[in-house]
Amino acid sequence: SLDVSHATAHDTSAARWRAGWRVLPTMSIGPELRYDSNSSLDKNLAEQYAARAGGFVRYEWNGGEISVASGVSERVVDSEQQGQDVYGTANVLIQF
C-alpha cells in the first residue's frame with residue numbers, strides 16, 4: 001500500500017509505503033517506509049523532516065484490523081540531523 005497526504009497548514013506532507021505478505025489467511029507481515037515533513041508559517045520556527053524504516057505485523061478479522069510496527073527513525077531540523085531513535089506504532093481499524 002502507498003498512502004500520501006499534503007496539507008497547506010504548515011506545509012505538512014506525509015507518505016507511507018508498506019509491502020505485506022500473507023503468512024496466514026488473517027495475518028500479514030512486511031517492511032514499511034515513512035517520510036514526514038512540515039514547515040511553520042512563522043519563519044523563526046524550524047523546518048522538520050523525519051524518515052522511518054521498519055517492519056509491521058497486521059491481523060485482520062471480519063470487522064476490522066490491528067497493525068503494529070517498529071523500526072528506526074531519523075529526524076532532521078533545519079538541515080541538521082538530530083540522530084536516530086527507535087519507534088513503535090499501533091493502529092486499530094474498525095469497519096461499520
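Side-chain atoms are counted along with the backbone in the values below, which use heavy atoms only and exclude waters and symmetry mates.
- Here the side chain of Ser28 pairs no donor or acceptor atom with the backbone of Gly20 at under 3.5 angstrom.
- The minimum heavy-atom distance between Gln95 and Asn62, with the atom names listed, is OE1-O, 4.0 Å.
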Original post:
Going through the checks in order, is the side chain to side chain contact (heavy atoms under 4.5 Å, CB included) test met by Thr89 and Arg52?
Top reply: CA-CA 11 Å; Thr89 62; Arg52 295 178 177 178; 3.8 Å; yes
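- Remark: Arg22 engages Glu60 in a salt bridge, criterion side-chain N to carboxylate O under 4.0 Å.
- Residues Val23 and Val68 share a hydrophobic cluster, clusters being chains of Ile/Leu/Val/Met/Phe/Trp/Tyr side chains in contact below 4.5 Å.
- A cation-pi arrangement is found for Arg18 relative to Phe56, the charged atom lying closer than 6.0 Å to the ring centre and inside a 45° cone about the ring normal.
- With sequence neighbours excluded, the residues that form a side chain to side chain contact (heavy atoms under 4.5 Å, CB included) with Ile94 are Trp61, Val92.
- Proximity of a side-chain donor or acceptor of His6 to a complementary backbone N or O of Ala14 within less than 3.5 Å is not detected.
- Residue Glu32 holds its CD atom at 9.0 Å from OG of Ser70, rounded to the nearest 0.5 Å.
- In this structure, OH on Tyr59 lies 9.5 Å from CG on Leu24, to the nearest 0.5 angstrom.
- Side-chain contact between Tyr49 and Ser13 is absent, with no heavy atoms from C-beta onward closer than 4.5 Å.
- In this structure, CG in Asn91 is found 11.5 Å from CZ in Arg58, a value given to the nearest 0.5 Å.
- How far CG of Asp36 is from OG of Ser73: 8.5 Å, rounded to the nearest 0.5 Å.
- Contact record, Ala19 with Pro31: O-CD, 3.1 Å, taken as the closest heavy-atom pair.
- Checked against salt bridge (charged side-chain N to carboxylate O under 4.0 Å, His left out), Arg75 has no partners two or more places apart in sequence or in another chain.
- Contact between Tyr87 and Val72 at its shortest, heavy atoms only, is CE2-N, 3.5 Å.
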